[in-house]
Each structure stands twice: as C-alpha cells, then as structure tokens.
Amino acid sequence: MSKIMIELNDVNKWYGDFQVLKNINLYVKEGEKIVIAGPSGSGKSTLIRCINGLEHHQSGIIRVDNTILDHNIKHLEAIRKKVSMVFQHFNLFPHLSVIENLTLGPIWVLKKSKKEAYDIAMHYLERVKIADQANKFPGQLSGGQQQRVAIARSLSMSPSVMLFDEPTSALDPEMVKEVLDVMVELAEKDKITMLCVTHEMGFAQRVADTVIFMDQGAIVEQSSPKEFFHQPKTERGRQFLAQIL
Ligand SMILES: Nc1ncnc2c1ncn2[C@@H]1O[C@H](COP(=O)(O)OP(=O)(O)OP(=O)(O)O)[C@@H](O)[C@H]1O
C-alpha cells in the first residue's frame with residue numbers, strides 16, 4: 001500500500017473575517033497526481049501555498065511525509081526540502097543566468113559542490129529541452145521557455161512533492177503546449193507526488209489520478225477524472241464544467 005505523503009486534517013484559514021479555507025481534509029498518496037479545479041477565488045492557490053508554508057493555516061493539521069507543519073522552523077525547513085513549487089509568474093532571478101538559477105538551490109540548500117550542482121542543472125535543462133539556453137538570462141527567453149526553466153529548477157532540488165500554481169495561466173496560448181508537454185511527461189514518468197492548480201482540463205483528463213473541485217473555500221468533490229468530467233456529483237461541479245468545457 002502506498003504511503004500517505006500529504007495529510008490535511010480539518011484545516012481552516014481566514015484572512016481577517018473572511019474564511020478562505022473551510023475544514024479541508026485531504027490525503028495524498030506518494031506518487032499521486034492531483035489536479036485542483038474550481039472557480040476563481042475558491043481557495044485553490046491558498047490551499048497549495050499552505051502545504052509548503054507560504055501561507056499559514058490557523059487551525060487543523062498539515063503533515064508532509066509525516067512532518068507536521070507548525071511554528072517549528074526545523075519542521076518548515078524539512079518540508080521545504082521535500083516540496084518545490086512552480087509559480088504562475090516563474091519567479092526566476094532576473095539577474096542570474098539560467099544555469100545560475102538552477103545551481104543556486106543545490107549548492108546552498110543541498111550542499112552540493114559546484115561541479116555536482118552544474119551536472120544536476122544540465123541534466124534537468126536537457127530534460128526540459130532547453131540546455132542550449134543555459135547561459136542566457138531569463139529576460140532573454142520566451143514565457144514558455146522561462147516556465148520550463150522554472151520546472152527544471154524545481155526538479156534540481158530532487159523534490160518528493162511538486163506544487164504547480166496555474167503554471168500556464170501567464171503564457172501566450174502558443175506556449176501553453178510546450179509547458180504542458182513537459183508536465184505530462186513528468187506526470188507519466190516520475191514518481192513525484194504532484195498537486196496542480198490549473199484550468200487546463202485536458203491535462204487533468206490525461207494525467208490526474210484524482211480531481212479535487214473546490215468552491216467557496218471547501219473541497220466539494222474529490223473523484224477520478226472520469227467521474228468528475230462525466231458525472232460530477234454536485235450542481236456547482238456541473239455548472240463549472242458547463243462554463244469551461
Ligand atoms: N493575502 C490575502 N488577503 C486577503 N484575501 C486574500 C489574500 N489572498 C487571497 N485572498 C482571497 O482569498 C480568496 C481565495 O484566493 P485564492 O487565490 O486562493 O483563490 P483561487 O481559487 O486560487 O483563485 P484564482 O483561480 O482566481 O487564482 C479570494 O477571494 C482572494 O481574494
């Protein structure tokens with residue numbers, strides 16, 4: 001039986017008086033690929049940002065690979081070593097070259113030598129088919145290329161879990177496919193646990209083991225893609241699909 005990699009028990013979060021996450025219960029198995037869907041403002045980004053401590057939940061328990069995410073900085077560091085995130089707007093360092101963006105984490109966080117970090121970086125740049133751009137700066141690349149660099153940078157940290165926060169939403173339409181192709185390959189070949197917030201329902205249908213549908217801060221459906229896309233259990237799920245498909 002696969003182990004549970006991420007566990008959320010009765011997680012709640014408020015921004016002032018506004019409750020953004022409501023009694024979230026979620027168990028993610030090692031290697032599971034989850035797509036989180038839902039209307040704008042339903043709390044999808046907040047949910048995944050809570051999993052690596054970028055946002056703080058106020059009640060409930062979050063565990064990643066059995067480490068509790070709490071105020072203990074050692075716990076947070078242990079979780080951050082296992083969980084990497086790909087953002088909508090890439091978040092690359094603009095003043096560093098592509099290769100320097102990738103070697104930074106392995107050198108400073110994983111304590112690799114410069115040579116080891118370089119080899120790791122080139123390996124993942126080759127994997128996302130962008131090794132020929134290693135010495136350029138992010139601003140010299142297209143959005144799709146920058147996002148592939150960001151994915152390679154995440155992979156260079158050898159994560160157990162990858163979180164994707166709308167990785168294609170900031171891209172011009174013709175660049176969406178090149179990033180999705182990399183993500184599909186990752187999802188199909190790697191054992192990494194993946195949680196993706198995305199509006200790309202074709203991606204969800206192709207690679208997700210589980211689709212989570214959020215509405216107004218709550219998980220209202222959790223099903224296989226087949227169930228969710230063909231027989232959504234809730235009226236809100238049906239309305240959402242009618243709007244986007
Ligand atoms: N820092 C913040 N302070 C106050 N409210 C916030 C903050 N961040 C998000 N919110 C609110 O919380 C709600 C959920 O936001 P979140 O970004 O998690 O939703 P989402 O489902 O990812 O939306 P989208 O698909 O539009 O990105 C929204 O109503 C948003 O306005």
Side-chain angles (χ1 to χ4, degrees), residues 6-26 28 32-62 64 69 71 76 79-80 83-91 143-144 146-147 150-151 154 161-173 175-176 179-180 183 187 193-205 207-208 210-223 225 228-229 232-245:
I6 300 171
E7 190 179 338
L8 282 79
N9 285 314
D10 277 330
V11 169
N12 291 284
K13 176 172 176 60
W14 288 262
Y15 288 120
D17 291 342
F18 174 67
Q19 187 167 7
V20 59
L21 295 179
K22 297 175 185 163
N23 294 322
I24 301 289
N25 287 291
L26 178 63
V28 183
E32 192 171 0
K33 320 296 178 201
I34 292 191
V35 164
I36 304 172
S40 180
S42 54
K44 307 179 296 294
S45 296
T46 306
L47 173 62
I48 61 165
R49 288 169 67 84
C50 281
I51 292 172
N52 66 351
L54 282 178
E55 297 282 352
H56 301 291
H57 57 294
Q58 282 108 357
S59 75
I61 294 175
I62 298 180
V64 179
L69 184 58
H71 295 295
L76 180 63
I79 288 174
R80 289 258 172 95
V83 180
S84 71
M85 185 149 175
V86 174
F87 299 86
Q88 186 176 3
H89 292 289
F90 330 133
N91 288 19
Q146 289 188 61
Q147 195 57 300
I151 293 172
S154 280
V161 176
M162 281 181 80
L163 307 175
F164 293 83
D165 192 2
E166 302 198 21
T168 57
S169 304
L171 300 177
D172 291 335
M175 287 167 196
V176 170
V179 170
L180 285 180
M183 290 175 61
T193 308
M194 288 169 68
L195 277 83
C196 310
V197 173
T198 180
H199 299 287
E200 297 292 339
M201 292 299 120
F203 172 80
Q205 282 174 308
V207 305
T210 307
V211 177
I212 283 174
F213 176 64
M214 290 187 73
D215 189 34
Q216 297 182 26
I219 293 179
V220 293
E221 293 204 35
Q222 181 168 348
S223 354
F228 181 65
F229 290 107
K233 295 186 198 97
T234 61
E235 185 53 33
R236 286 296 289 137
R238 275 189 287 280
Q239 286 167 356
F240 174 76
L241 289 172
Q243 277 167 359
I244 60 159
L245 291 180

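Atoms within a ligand are numbered from 1 in the order they appear, just like the ligands themselves.
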Response to the item:
Closest heavy-atom pair, M214 versus I219, reported as atoms and distance to 0.1 Å, is CG-CG1, 4.2 Å
Worksheet item: For atom 1 (N) of ligand 1, what's the nearest protein heavy atom and its distance?
Response: Y15 CE2, 3.6 Å
Response to the item:
Rounding to 0.5 Å, atoms OG1 (T193) and CD (E32) come to a distance of 8.0 Å
Worksheet item: Can you find a protein heavy atom under 4.0 Å from atom 31 (O) of ligand 1?
Response: no
Worksheet item: What is the nearest protein non-hydrogen atom to atom 25 (O) of ligand 1, stated with its residue, atom name and distance?
Response: K44 NZ, 2.8 Å
Practice prompt. Can you sort out which atoms of ligand 1 are near E166, meaning under 4.0 Å from one of its heavy atoms?
Written response: 24 (P), 25 (O), 27 (O)
Discussion item. Is it the case that the side chain of Q58 and the backbone of W14 share a donor-acceptor pair, with hydrogens and angles ignored and the cut-off at 3.5 Å?
Written reply: yes
Practice prompt. Kindly confirm or rule out an N or O of G43 lying under 3.5 angstrom from an N or O of ligand 1.
Written response: yes
Worksheet item: Any idea which protein heavy atom is nearest atom 26 (O) of ligand 1, and the distance to it?
Response: S40 OG, 2.6 Å
Worksheet item: What protein heavy atom sits nearest atom 17 (O) of ligand 1, and how far away is it?
Response: S45 CB, 3.8 Å
Practice prompt. Look only at interatomic distance and state if G41 has a nitrogen or oxygen under 3.5 Å from any nitrogen or oxygen of ligand 1.
Written response: yes
Worksheet item: Between CG of L69 and NE2 of H56, what distance do you get to the nearest 0.5 Å?
Response: 8.5 Å
Worksheet item: Pick from I34, V28, L26: which one makes a side chain to side chain contact (heavy atoms under 4.5 Å, CB included) with T210?
Response: I34
Discussion item. I need the contact type for M214 against ligand 1. Using non-hydrogen atoms and a strict under-4.0 Å cut-off, is it side chain, backbone, both or neither?
Written reply: neither
Worksheet entry | Shortest reach to atom 16 (P) of ligand 1 by a heavy atom, considering only T46, L21, I36 | T46
Discussion item. Can you give me the closest heavy-atom contact between N25 and N9, atom names plus distance?
Written reply: OD1-CA, 3.3 Å
Practice prompt. Run the numbers for me: atoms of ligand 1, each under 4.0 Å from some heavy atom of P39, listed by number.
Written response: 21 (O)
Fill in: Heavy-atom closest pair, residues A37 and F240
CB-CE2, 4.0 Å
Practice prompt. Can you sort out which atoms of ligand 1 are near V20, meaning under 4.0 Å from one of its heavy atoms?
Written response: 12 (O), 13 (C), 14 (C)
Worksheet item: More than 12 non-hydrogen atoms from neighbouring residues, nucleotides or ligands closer than 6.0 Å to CD on Q216, yes or no?
Response: no
